[in-house]
Colleague: 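First the structure, then my questions, so here it is.
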Amino acid sequence: MGSLYRYYKPLTSICFSPPPTKSYLLHSIKFKTHFSPTKKTRLHRFFTSLTSSSLPSIKTNGGDASAASQSSELWLYNTMSRKKELFKPKVEGKVGMYVCGVTAYDLSHIGHARVYVTFDVLLRYLKHLGFDVHYVRNFTDVDDKIIARANELGEDPISLSKRYCEEFLHDMVYLHCLPPSVEPRVSDHMPQIIDMIERILENGYAYRIDGDVYFSVDKLPEYGRLSGRKLEDNRAGERVAVDSRKKNPADFALWKSAKEGEPFWDSPWGPGRPGWHIECSAMSAAYLGHSFDIHGGGMDLVFPHHENEIAQSCAACRDSNISYWVHNGFVTIDSEKMSKSLGNFFTIRQVINLYHPLALRLFLLGTHYRSPVNYSDVQLESASERIFYIYQTLHDCENILSQHRVAFEKDAIPPDTINDINKFHDTLVTSMSDDLHTPVLLSALSDPLKIINDMLHTRKGKKQIKRIESIAALEKMVRNALMVLGLMPPTYNEALQQLREKALRRAKLTEDQILQKIEERTVARKDKDYEKSDAIRKDLAALGIALMDSPDGTSWRPAIPLALQEQQVAST
């Protein structure tokens, strides 16, 4: 006979976990990475500096625009009302936000990355507007999928889940997602879960069958209001078990009786474990109360998960109310949702093995969060090339500014530059306040970056009055926007080097091999063998390596491989 794994904690209240400290990030980056120990240390220092107070406000005309930012209105699309609504927190100046976390049984894929990048941007922008955000993101570490995977591998389910929770944290650091205020795990919250189930039973919304407890959807007339589904349309399906004992096929499990080979906890209904949906209801109530501002997750959670959360929470407490239900769109491959269950997914680790994590983040932010984004190599190559251009421009700024001492005194910045800064700031506020329209903000970066490059590299730009002051002001403006978007690297130089390393890996070349090709091309040009010179350039371009000639010699940078460029042109 198979054995039962027994997990028991006394049915008493637990102490809430404190907000993450510096050890959070140290703990999450101890696993194997493609960064050196020195670079991991720099990455840790950078992230531990990103507190809410360090997220900058953009300044215009030498003044602080934080007041303007704080007074700007934020509109969010509410899945419940199916329209954009003006964001008004329940408590002035404070925001409670709960985002459903991963079910930890495998490495996370880029569909997960989109969810948590989306809500990281929302977190950052709320902080930018001056809100004090209490952000809760859970881990599901007790679930059918975890148990099935653990049985396949012969592991303890809780240990397996713990391992993948740590790997997930590791991925979040790479993607520059700020740590939540608290990250509760199901296995640590059985008392709260059991207490909520008891209240649902007492209020007459659930029933017991042979050690199982089911929620009765017929008892809640408003069931289906989030998803818009009619009760007669609902049927047993994903994570809604088919069970002839149920009063209605759509009834879902609050508590599952123990089975052989599964972990279990003691309860008033006998040994067992919670259903999937009750976990988030109990944990969100534990840390944010029954009434809070934002509940978020992927669009696939609208039904059944979030619909069932609403049902449970209202059944346990009639005053339960979440103001805004926010959901992001899918990552698709060939117009089909990316998911583990379909087997058509790429893990975050697979992608960042070839592309910089911030190139992946830029790719995800290049589409509005509610729209589907189609994964493709050409899109990632384009994002990688774009972010290299951004960091190269800002790195060039740093180099020239390091040679000057810039004091922002009254009238230090020319009127034209002030106008450019104000225009960009207006775009930032307008786009981000309109349901986080990140593609508009990313597109708006083109103008200040072009102005900076003109001032750095063109004859006309180099002659501009107060050129250094303008470069410094524009660089700071762009940097602040990157902070809001979560695209600011620890250092520009380090990010550029990492982007080059990734390009070399994709091209299956070493830098020495490229330098040898550059030397061969230089000799061919001296010999006026332009056919060979052009062939070398074209061969490298086909691999995603662009050569750039200047009076100082020839250098290289990552670029979109020629075949993918042609594919990109054909698709547009």
Side-chain angles (χ1 to χ4, degrees), residues 110-111 113-114 329-338 344-346 350-368 371-393 438-440 442-447 449-450 453 487 495-496 498-511 513-518 520-522 524-525 529-550 554-572:
I110 60 174
R114 191 180 195 198
F330 298 133
V331 176
T332 61
I333 296 181
D334 297 327
S335 301
E336 186 175 45
K337 174 198 167 189
M338 179 181 293
N344 63 342
F345 68 94
F346 294 97
Q350 286 174 315
V351 176
I352 66 175
N353 182 53
L354 294 176
Y355 296 93
H356 196 285
L358 292 181
L360 173 57
R361 185 176 177 113
L362 180 67
F363 158 70
L364 295 171
L365 295 179
T367 300
H368 186 260
S371 299
V373 55
N374 198 53
Y375 174 88
S376 68
D377 289 342
V378 67
Q379 294 276 24
L380 276 171
E381 288 284 356
S382 180
S384 186
E385 182 181 59
R386 183 63 179 170
I387 209 160
F388 186 92
Y389 166 73
I390 292 171
Y391 294 158
Q392 185 64 65
T393 300
T438 54
V440 174
L442 287 170
S443 178
L445 283 170
S446 297
D447 288 340
L449 290 169
K450 182 179 184 304
N453 272 305
L487 291 171
L496 290 168
Q498 291 164 356
L499 284 160
R500 290 189 187 94
E501 290 170 0
K502 301 292 186 184
L504 291 171
R505 184 172 298 176
R506 295 195 298 276
K508 298 180 180 178
L509 293 172
T510 66
E511 186 154 27
Q513 288 173 320
I514 292 178
L515 295 178
Q516 182 180 346
K517 290 292 183 181
I518 289 174
E520 290 175 11
R521 180 172 172 270
T522 300
R525 293 175 74 193
D529 187 351
Y530 298 117
E531 184 177 347
K532 181 178 180 180
S533 170
D534 291 343
I536 292 172
R537 178 192 284 274
K538 188 173 182 179
D539 288 346
L540 289 174
L543 298 173
I545 305 297
L547 299 184
M548 299 171 293
D549 297 319
S550 74
T554 301
S555 58
W556 72 273
R557 64 172 175 80
I560 304 174
L562 283 179
L564 291 180
Q565 288 184 41
E566 292 167 0
Q567 178 183 327
Q568 192 175 36
V569 171
S571 65
T572 56

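Residue numbers count from 1 along this sequence. Keep in mind that this is a model prediction, so the values were computed, not measured. The analysis underlying the following values was restricted to heavy atoms, covering all of them including side chains, and did not include hydrogens, waters or symmetry mates.
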Colleague: Which heavy atom of Ala359 sits nearest a heavy atom of Ser384, and at what distance?
Modeller: CB-CA, 3.8 Å

Colleague: Do the non-hydrogen side-chain atoms of Leu380 and Tyr375 ever get within less than 4.5 Å of each other?
Modeller: yes

Colleague: Answer yes or no: is there a side-chain heavy-atom contact under 4.5 Å between Leu487 and Ile390?
Modeller: no

Colleague: Quick one: are Phe388 and Leu496 in side-chain contact, heavy atoms under 4.5 Å?
Modeller: yes

Colleague: With sequence neighbours left out, what residues match Arg557 under side chain to side chain donor-acceptor pair (under 3.5 Å)?
Modeller: none

Colleague: I need the Thr332 OG1 to Asn374 CG distance, nearest 0.5 Å.
Modeller: 3.5 Å

Colleague: Ring pair (Phe, Tyr, Trp, His ring centres under 6.0 Å) with Tyr389: which residues, sequence neighbours excluded?
Modeller: none

Colleague: Between Phe330 and Arg114, is there a side-chain heavy-atom distance shorter than 4.5 Å?
Modeller: no

Colleague: In sequence, state the C-alpha distance, the side-chain angles, and the governing distance for Thr554 and Arg525, and then conclude on side chain to side chain contact (heavy atoms under 4.5 Å, CB included).
Modeller: CA-CA 12 Å; Thr554 301; Arg525 293 175 74 193; 4.2 Å; yes

Colleague: What is the distance from atom NE2 of His356 to atom CG of Leu362, rounded to the nearest 0.5 Å?
Modeller: 11.5 Å

Colleague: Between CG of Leu562 and CG of Leu540, what distance do you get to the nearest 0.5 Å?
Modeller: 10.0 Å

Colleague: Could you tell me whether the side chain of Ser446 and the main chain of Ser443 form a donor-acceptor pair under 3.5 Å?
Modeller: yes

Colleague: Has the side chain of Thr438 got a donor or acceptor atom that lies under 3.5 Å from a matching backbone atom of Leu365?
Modeller: yes

Colleague: Output the distance between atom CD1 (Ile560) and atom CG (Asp377), rounded to the nearest 0.5 Å.
Modeller: 11.5 Å

Colleague: Could you check whether any side-chain N or O of Arg505 sits under 3.5 Å from a backbone N or O of Asn353, counting only pairs where one atom can act as donor and the other as acceptor?
Modeller: yes

Colleague: Give a yes or no on whether the backbone of Ile352 and the side-chain of Lys502 come within a donor-acceptor separation of less than 3.5 Å.
Modeller: yes

Colleague: To the nearest 0.5 Å, how far apart are CG in Asp549 and OG1 in Thr522?
Modeller: 8.0 Å

Colleague: What I want to find out is whether Arg521 reaches Asp539 closely enough, with some N-O distance under 4.0 Å, to be called a salt bridge.
Modeller: no

Colleague: For the residue pair Val331 and Leu364, establish whether any side-chain heavy-atom pair is separated by less than 4.5 Å.
Modeller: yes

Colleague: Closer than 3.5 angstrom, by distance alone: can the side chain of Arg537 be matched with the main-chain N or O of Leu547 as a donor-acceptor pair?
Modeller: yes

Colleague: Between Leu358 and Leu499, is any pair of side-chain heavy atoms under 4.5 Å apart?
Modeller: no

Colleague: Going from CD1 on Ile545 to CD1 on Ile536, what distance comes out if it is rounded to the nearest 0.5 angstrom?
Modeller: 14.5 Å

Colleague: Quick one: which of Arg386, Arg506, Gln565, Gln567 gives a side-chain hydrogen bond (donor to acceptor under 3.5 Å, both in side chains) with Glu381?
Modeller: Arg506

Colleague: For the residue pair Glu511 and Trp556, what are the closest heavy atoms and their distance?
Modeller: OE2-NE1, 3.1 Å

Colleague: Please check: side-chain N/O of Gln513 versus main-chain N/O of Thr510, any donor-acceptor pairing under 3.5 Å?
Modeller: yes

